[in-house]
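Below is one structure, written out as structure tokens, with a few remarks after it.
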Amino acid sequence: MTSLTVRLPKSALRLLGLLSSAAGLVLLALAVPKAAGTDWAAVRAHLGHISGPQVALLCALAAAALWSYTYVLSAALPGLTLRQALLVNCTSSAVSNLLPLGGGAGVAVTYAMTRRWGHPPRAVAVCVALTGVCNVAARLVLSAVGALLLAGTPVPGIGWAAAAGGVVLAVPVALAAGWPALRHRRRTPGTHRRAAPAGAPRRIALRARQLAVRLRDESRDLVRRSWARLVCGMGATLAAQGALFLACLQAAGSRTGTGEALAVFAASRLLTQIAVTPGGIGVTECAAAVALVALGGEPAAVASAMLLFATFTHLLEIPLGALTGALWLLRAGRRRPAPAPAAP
């Protein structure tokens, strides 16, 4: 009875992961062609005309995106080599691409791998927090810019998306303008924070606040030292993904304009954070297909391009991550554990 009770949550999580992954694949295989207004026969015809050199170019661009992100990881965790960052990136991405809300599982993989290499827990926590903020912020800003660029086009629903994008871009400007006044108010005598309740809750609140302050200070110091590498690495990653998006459209024979295609790519980046399916697979491609067809793209070519893009940015990362994870486990198993300290 006890063993069954323990296994049920694991079985439920595995079932949830399988159902979510299956939903993403169903969306990818069925909903993307339908969203583009075509069928699988036309999609297969377009995919069958892709040449070997085109596939090699897509592989090179996908590899460039993975490699570019290693600079973000190594900047967020000093002492992490680019080779180690590549192993972490591939392995954690594979886990995240398999599970709904897979970012948490990816964080666990990142923690296990970096701790095995000797990085302290607090440094890993700063790395996880900083890279998470960089990912969300970059995609949020890019999506806002893309939506604004598409304003006035026949893309369905772009009006409210452009309005939301304007708000997203205006909020940081307003905060930056009001930040000096806010800091002055916080330093003014007589503006006291409400005291925490006495007893154990007070001690817990104080410890949590001290930990948050330390993490904030360490993150701020790290950003001051490594902001250029973080920004350049994140920019290079998104640029490589954008080039891959264009290459998929070209390989599939879509005649969408380069500027319009890049705007659609930018506007769809925030959808990758949707947790209904792992990595937003299926949802992102459907939305991009609808937008590209509305902008004049040939339906079958657009659907083929979106399937190619999902394959190189999502599906192929799973076996690659399994390979890098197995390599890390093999190397970790060969290393002897550190000897225990002698008893006094």
Side-chain angles (χ1 to χ4, degrees), residues 10-32 43 47 50 55-70 72-73 83-114 116 128 131-132 135 139 237-238 240-241 244-245 247-248 251 268-269 271-286 288 303-332:
K10 293 183 179 179
S11 302
L13 287 174
R14 289 170 185 165
L15 179 61
L16 180 61
L18 289 174
L19 289 176
S20 178
S21 299
L25 291 176
V26 168
L27 278 174
L28 198 62
L30 301 180
V32 170
V43 170
L47 293 176
I50 298 175
V55 173
L57 175 62
L58 298 180
C59 290
L61 290 173
L66 288 173
W67 179 253
S68 298
Y69 194 70
T70 62
V72 178
L73 288 172
R83 181 185 63 81
Q84 290 173 338
L86 183 62
L87 289 177
V88 170
N89 186 23
C90 293
T91 308
S92 60
S93 295
V95 174
S96 300
N97 289 345
L98 276 174
L99 300 172
L101 298 173
V107 167
V109 170
T110 300
Y111 183 85
M113 296 179 74
T114 52
R116 184 76 182 189
V128 169
T131 53
N135 274 292
R139 283 164 172 76
T237 301
L238 292 172
Q241 290 178 350
L244 177 60
F245 190 84
C248 288
S268 64
R269 288 310 84 201
L271 295 177
T272 60
Q273 305 298 310
I274 291 178
V276 176
T277 58
I281 187 172
V283 178
T284 307
E285 290 75 20
C286 284
S304 303
M306 294 304 96
L307 293 174
L308 277 175
F309 187 69
T311 299
F312 281 93
T313 58
H314 191 102
L315 299 180
L316 288 182
E317 288 184 356
I318 296 175
L320 176 62
L323 180 62
T324 56
L327 178 63
W328 174 76
L329 287 173
L330 182 62
R331 289 186 174 181

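Quick caveat: nothing in here was measured; it's all calculated off a predicted structure. One-based numbering along the sequence shown.
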To the closest 0.5 Å, what do you measure between CD (Gln241) and CG (Leu66)? 8.5 Å
Taking Ala85's backbone N and O only, do any of them form a donor-acceptor pair with Asn89's side chain (distance below 3.5 Å, no angle check)? no
Contacts table for residues 303-310: side-chain donor-acceptor under 3.5 angstrom, sequence neighbours left out:
{"unit_1": "Ser304", "atom_1": "OG", "unit_2": "Val43", "atom_2": "O", "d": "3.4"}
{"unit_1": "Ser304", "atom_1": "OG", "unit_2": "Ala300", "atom_2": "O", "d": "2.8"}

What pairs of donor and acceptor atoms, side-chain ones from residues 318-326 against any protein atom, are under 3.5 angstrom apart with sequence neighbours left out?
{"unit_1": "Thr324", "atom_1": "OG1", "unit_2": "Thr91", "atom_2": "OG1", "d": "2.8"}
{"unit_1": "Thr324", "atom_1": "OG1", "unit_2": "Leu320", "atom_2": "O", "d": "3.3"}
{"unit_1": "Thr324", "atom_1": "OG1", "unit_2": "Gly321", "atom_2": "O", "d": "3.0"}

Could you tell me which non-hydrogen atom of Ala251 sits nearest to which non-hydrogen atom of Ile50, and how far apart they are? O-CG1, 3.8 Å
Which heavy atom of Thr237 sits nearest a heavy atom of Tyr69, and at what distance? OG1-N, 3.2 Å
If you look at every heavy atom in Leu73 and Val88, which pair is closest and at what distance? CD1-CG1, 4.3 Å
Could you measure the distance from the CZ atom of Arg139 to the CG atom of Leu238? Nearest 0.5 Å is fine. 5.5 Å
Output for pair (Leu87 CG, Trp328 CH2), nearest 0.5 Å, gives 10.0 Å
If you take all heavy atoms of Glu317 and Ala94, which pair is closest and at what distance? O-CB, 3.4 Å
Looking only at heavy atoms, which two atoms of Leu58 and Ala247 are closest? And how far apart? CD2-CB, 3.5 Å
So how far is it from Thr313 OG1 to Asn97 CG, rounded to the nearest 0.5 Å? 8.0 Å
Indicate yes or no for a side-chain donor-acceptor contact from Ser92 to the backbone of Thr110 under 3.5 Å, with no hydrogens or angles considered. no
Would you mind reporting whether Arg83 and Thr70 have side-chain heavy atoms less than 4.5 Å apart? no
